[in-house]
*Asks:* 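I am attaching a structure below and will ask some questions about it afterwards.
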Amino acid sequence: MKIFFLFVFSILFSINTLAQYTWQLKLAGGGRGNPITIDPINKDIIYYGSSSAIYKSVDRGETFSQFGNNIPGSSAVKCLHINQNRPSEMVVAAYKGSNYKMVKSTDNGLTWVTTADNLSFSFFGVPSTQDPTHPDTIYLMNGVNFNRSTDFGSTWTTITSSVGANSAPCDIEVFPDTSIILVGDNGTGIFKSTDYGLSWTNTYNTTGEIPTIAVDFNRPGTAWGTKFSGGGGIIRSTDYGQTWVIMGLSGISTWGVHINPENSDYVATGTWSGSNVYITRDWGSTWMPTTLPPNNYAVAIIDSMNLFAAQSGGFYKLTSPYFVPVELASFTAKIIDNKAHLEWTTASEINNQGFDIEISYDNQSFNKIAFVPGFGTSAEQHSYSYFVDKLLSGKNYFRLRQIDFDGTYEYSPVVEVDAVIPNEFYLSQNHPNPFNPSTSI
């Protein structure tokens, strides 16, 4: 991890050109729907479904290896779910030809069991989703039938046989800690249920398709939706999907959408027929385009420096100078009450175990005097402070040794303070007698 100062960060942030942002193909081969899943416990682990196989990355999408064995009778993966309570379990929506089905593995993908067969999915849609509050509960659209599993995909029950959509819906999203579920379809709009899917009302109408909906887990009641055709654009609701407003990109047929789980102002959306993924860092006020090969199926965000896209050609990861770890934004030292007060701030942190504080009296030989833990991985600004009382008269020098979890480290520049420390403390003789009216010390 490299340490850069604030002026470097400011320069990179101000240069807003497409050349900064480069998409790299990390794994060839496409799925359908949303074949990307981020492990809910360990964000370094990414799963990607392609053809009849699931692939796993343990380094945030840099490299992949196959997870278990191929899924029998599958030519494409539409979506997949990880059991955060039992990491060896995975449920996958897959298909081959006209045979759409749900399969489950309980042994890290070594064997697969079909738990629902001969289903009807939207060809490009995302047919199932987990309940964020109850991870063992999975909702599934089979045509216009709304189904639920409460045992992580082992068995399925039909909740209602009529959602109201005019075709197999494209995406399902559940608001956490509520009974509210949203469904987007092709040609009608968005439907809302407030009773776990028993009844539905149409809350948004469009002549086009609603390919994807994303729920914001940090702003209660907020959700984003994409529009393919029907005027295009991206829409947002702040009242649990009851009303929706266009938040830009009008005329552009958007497809996948996802919200940064650490910062709700950061949202990304892709385009099906275009070659762009658009990013907003101000909650939809402005959008910045990035270019990559079409067509988009889904986007997924870990944090402000890790953005992925599922395209028709495979799994892509976005890289940019903006994503360089701008670790140290400031580092200062001053004397307060004969102690050195060290203060520093970080503009962002990636893989930050913490900081060794080192001191020198000659600016050559440094010794560790303390360790301050870091925030691990964060795209937010953090402030630190530490008091040092092991000072000598004259110049005292300090530096930070920032350490990653793998043991690699980088040094900060050196700061100095000039301390005036008495060599000896004593009380002079009192005169005259201290009980006299006037005494000098």
*Asks:* Does Glu416 have any side-chain hydrogen bond (donor to acceptor under 3.5 Å, both in side chains) partners at least two apart in sequence or in another chain, and if so, which?
*Replies:*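 In terms of side-chain hydrogen bond (donor to acceptor under 3.5 Å, both in side chains), with neighbours along the sequence ignored, Glu416 is linked to Lys395.
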
*Asks:* Give the intermediate values and the outcome of side chain to side chain contact (heavy atoms under 4.5 Å, CB included) for residues Phe175 and Phe217.
*Replies:* CA-CA 8 Å; Phe175 284 99; Phe217 294 161; over 6 Å; no

*Asks:* Does Ser250 use its side chain to pair, donor to acceptor, with the backbone of Gly233 at less than 3.5 Å?
*Replies:*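 No.
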
*Asks:* Between the side chain of Trp112 and the main-chain N/O of Asn69, is any donor-acceptor distance below 3.5 Å?
*Replies:* yes

*Asks:* Examine distances only and state if a side-chain atom of Asn306 and a backbone atom of Asp303 form a donor-acceptor pair shorter than 3.5 Å.
*Replies:* no

*Asks:* Residues two or more places apart in sequence or in another chain: which of them pass side-chain hydrogen bond (donor to acceptor under 3.5 Å, both in side chains) with Ser199?
*Replies:* Asp195

*Asks:* Which atom names give the shortest non-hydrogen contact between Asp177 and Thr133, and what distance separates them?
*Replies:* N-OG1, 2.6 Å

*Asks:* Minimum heavy-atom separation for Leu342 to Ala333, with atom names?
*Replies:*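 Closest heavy-atom pair between Leu342 and Ala333: CD2-CB, 3.4 Å.
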
*Asks:* Short question: side chain of Ser88, backbone of Thr106 - any donor-acceptor pair under 3.5 Å?
*Replies:*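 Checking the backbone N and O of Thr106 against the side chain of Ser88, a donor-acceptor pair under 3.5 Å is found.
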
*Asks:* Distance from Ile210 atom CD1 to Asp185 atom CG, nearest 0.5 Å?
*Replies:* 8.0 Å

*Asks:* Are the side chains of Val267 and Val257 in contact, using a 4.5 Å heavy-atom criterion?
*Replies:*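 Side chain of Val257 against side chain of Val267, heavy atoms only: contact under 4.5 Å found.
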
*Asks:* Whether the Ser253 and Lys227 side chains hold a donor-acceptor pair (N or O, under 3.5 Å, no angle test) is what I'd like checked.
*Replies:* no

*Asks:* Any chance you could lay out the salt bridge (charged side-chain N to carboxylate O under 4.0 Å, His left out) test for Asp136 and Arg86, step after step, and finish with the verdict?
*Replies:* CA-CA 10 Å; Asp136 274 348; Arg86 299 179 294 278; 3.2 Å; yes

*Asks:* When you compare the side chain of Ile190 with that of Trp244, does any pair of heavy atoms fall below 4.5 Å?
*Replies:*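 They are in contact (side-chain heavy atoms under 4.5 Å apart), so the answer is yes.
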
*Asks:* Is the shortest side-chain heavy-atom distance between Met102 and Ser128 below 4.5 Å?
*Replies:* yes

*Asks:* Decide yes or no for Phe366 and Val414: does some side-chain heavy atom of the first lie under 4.5 Å from some side-chain heavy atom of the second?
*Replies:*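 The answer is yes, as the side chains (C-beta and beyond) meet within the 4.5 Å cut-off.
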
*Asks:* If you measure only the distance, is there a donor-acceptor pair under 3.5 Å linking the side chains of Asp39 and Thr37?
*Replies:*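 No, no side-chain donor-acceptor pair sits under 3.5 Å.
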
*Asks:* How close do Ser264 and Ile259 get, heavy atom to heavy atom, and via which atoms?
*Replies:* CA-CG2, 3.9 Å

*Asks:* Taking the six-membered ring for Trp, are the ring centroids of Tyr48 and Phe315 within less than 6.0 Å of each other?
*Replies:*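 When the ring centroids of Tyr48 and Phe315 are compared, they turn out to be within the sub-6.0 Å range.
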
*Asks:* Please check: side-chain N/O of Asn142 versus main-chain N/O of Ser120, any donor-acceptor pairing under 3.5 Å?
*Replies:* yes

*Asks:* Could you tell me whether Phe146 and Tyr139 have their ring centroids closer than 6.0 angstrom?
*Replies:*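 Phe146 vs Tyr139: aromatic centres under 6.0 Å.
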
*Asks:* Check whether Thr203 reaches the backbone of Gly241 with its side chain - one donor and one acceptor, N or O, closer than 3.5 Å.
*Replies:*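 Yes: the side chain of Thr203 pairs with the backbone of Gly241.
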
*Asks:* Please find the pair of heavy atoms, one from Cys79 and one from Val126, that lie closest to each other, and give the distance.
*Replies:* CB-CG1, 3.9 Å

*Asks:* Less than 4.0 angstrom from a charged side-chain N to a carboxylate O is my criterion; do Arg236 and Asp216 meet it?
*Replies:* no

*Asks:* With no hydrogens and no angle check, is any side-chain donor or acceptor of Lys317 less than 3.5 Å from a backbone partner on Arg60?
*Replies:* yes

*Asks:* Given 3.5 Å as the limit, does a donor-acceptor pair link the side chain of Asp131 with the main chain of Pro135, or not?
*Replies:* no

*Asks:* Check whether NZ of the Lys or CZ of the Arg Arg399 lies under 6.0 Å from the centre of the six-membered ring of Tyr411 and within 45 degrees of that ring's axis.
*Replies:* yes

*Asks:* If you count every heavy atom of other residues, nucleotides or ligands that lies below 6.0 Å from Lys43 atom NZ, does the total exceed 12?
*Replies:* yes

*Asks:* For Asn118, what residues pass the side-chain hydrogen bond (donor to acceptor under 3.5 Å, both in side chains) criterion, not counting sequence neighbours?
*Replies:*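 By the side-chain hydrogen bond (donor to acceptor under 3.5 Å, both in side chains) rule, Asn118 matches no residue at all.
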
*Asks:* Is the distance between the ring centroids of Tyr384 and Phe331 less than 6.0 Å?
*Replies:* no

*Asks:* For the atom pair NZ (Lys104) and CG (Asn83), what is the distance rounded to the nearest 0.5 Å?
*Replies:*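 Nearest 0.5 Å value for the NZ-CG distance: 7.0 Å.
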
*Asks:* To the nearest 0.5 Å, what is the distance between CD1 on Ile279 and OG1 on Thr286?
*Replies:* 11.0 Å

*Asks:* Charged N to carboxylate O below 4.0 Å: is that the case for Glu358 and Lys368?
*Replies:*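 Looking at Lys368 together with Glu358, the answer is no, because their closest N to O distance does not fall below 4.0 Å.
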
*Asks:* Got a second to check how far Phe121's CZ is from Arg32's CZ, nearest 0.5 Å?
*Replies:* 14.0 Å

*Asks:* Heavy atoms only: give me the nearest Thr226-Gly256 pair and the separation to one decimal.
*Replies:*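 In this case the closest contact between Thr226 and Gly256 is CG2-O, 3.7 Å.
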
*Asks:* Take Ile234 and Trp224 through the test side chain to side chain contact (heavy atoms under 4.5 Å, CB included) and record every step on the way to the result.
*Replies:* CA-CA 7 Å; Ile234 187 165; Trp224 295 77; 3.9 Å; yes

*Asks:* Please tell me whether Thr158 and Asn147 have a donor and an acceptor in their side chains that are separated by less than 3.5 angstrom.
*Replies:*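 Yes, because at least one side-chain N or O of Thr158 sits under 3.5 Å from a partner of the opposite role on Asn147.
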
*Asks:* Just wondering, do Leu400 and Ile357 contact through their side chains at under 4.5 Å, heavy atoms?
*Replies:*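 Ile357 vs Leu400: side chains touch.
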
*Asks:* Indicate whether the side chain of Thr345 and that of Ser330 have a donor and an acceptor atom separated by less than 3.5 Å.
*Replies:* yes

*Asks:* Do Tyr316 and Phe308 have their ring centres less than 6.0 Å from each other?
*Replies:*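 Centroid distance Tyr316-Phe308: not below 6.0 Å, so no.
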
*Asks:* Just checking, is any N or O donor in the side chain of Trp200 or Thr160 under 3.5 Å from an acceptor N or O on the other one?
*Replies:*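 Thr160 and Trp200 do not have a side-chain donor-acceptor pair below 3.5 Å.
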
*Asks:* Side chains of Asp117 and Thr114 only: does a donor on one sit below 3.5 Å from an acceptor on the other?
*Replies:* no

*Asks:* Under the criterion side chain to side chain contact (heavy atoms under 4.5 Å, CB included), I'd like the reasoning laid out for Ile235 against Val245: C-alpha separation, chi angles, the key distance, then a yes or no.
*Replies:* CA-CA 5 Å; Ile235 56 178; Val245 295; over 6 Å; no

*Asks:* Taking the side chain from Ser51 and the backbone from Ala76, do they hold a donor-acceptor pair closer than 3.5 Å?
*Replies:* no

*Asks:* Step by step, work out the side chain to side chain contact (heavy atoms under 4.5 Å, CB included) result for Val174 and Thr129.
*Replies:* CA-CA 8 Å; Val174 182; Thr129 193; 4.0 Å; yes

*Asks:* Scan side-chain atoms only and decide if Asn295 and Gln311 contain a donor-acceptor pair under the 3.5 Å cut-off.
*Replies:*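 Asn295 vs Gln311: no donor-acceptor pair found between side chains.
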
*Asks:* Just one of Tyr386, Phe371, Trp344 clears the ring-ring contact (aromatic ring centres under 6.0 Å, His included) bar with Phe355, so which one?
*Replies:*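 That would be Trp344; it is the only one of Tyr386, Phe371, Trp344 passing the ring-ring contact (aromatic ring centres under 6.0 Å, His included) with Phe355.
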
*Asks:* Once you round to the nearest 0.5 Å, how far does CG of Leu140 lie from CG of Leu119?
*Replies:*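 Output value for this atom pair is 6.0 Å.
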
*Asks:* For the aromatic rings, using the six-membered ring if either is Trp, is the centroid distance between Trp272 and Tyr297 under 6.0 Å?
*Replies:*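 Yes; Tyr297 has its ring centre under 6.0 Å from that of Trp272.
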
*Asks:* Does any donor atom in the side chain of Gln66 or Asn70 lie under 3.5 Å from an acceptor atom in the other side chain?
*Replies:* yes

*Asks:* May I ask you to decide if Ser273's main-chain N or O and Thr271's side chain share a donor-acceptor pair within less than 3.5 Å?
*Replies:*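 Flag not set: sc Thr271 to bb Ser273 has no pair under 3.5 Å.
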
*Asks:* What's the separation between atom NE2 in His341 and atom CD1 in Ile336, rounded to the nearest 0.5 Å?
*Replies:*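 Atom-to-atom, His341:NE2 and Ile336:CD1 are 5.5 Å apart.
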
*Asks:* Do Tyr95 and Phe123 have ring centroids that are under 6.0 Å from one another?
*Replies:* yes

*Asks:* Which heavy atom of His258 sits nearest a heavy atom of Val299, and at what distance?
*Replies:*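 Answer, listing the atom of His258 first, then Val299: CB-O, 3.4 Å.
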
*Asks:* Are Phe228 and Trp255 an aromatic pair, judged by ring center distance below 6.0 Å?
*Replies:* yes

*Asks:* Going by an N to O cut-off under 4.0 Å, is there a salt bridge joining Asp265 and Arg219?
*Replies:*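 Yes, Asp265 and Arg219 are salt-bridged.
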
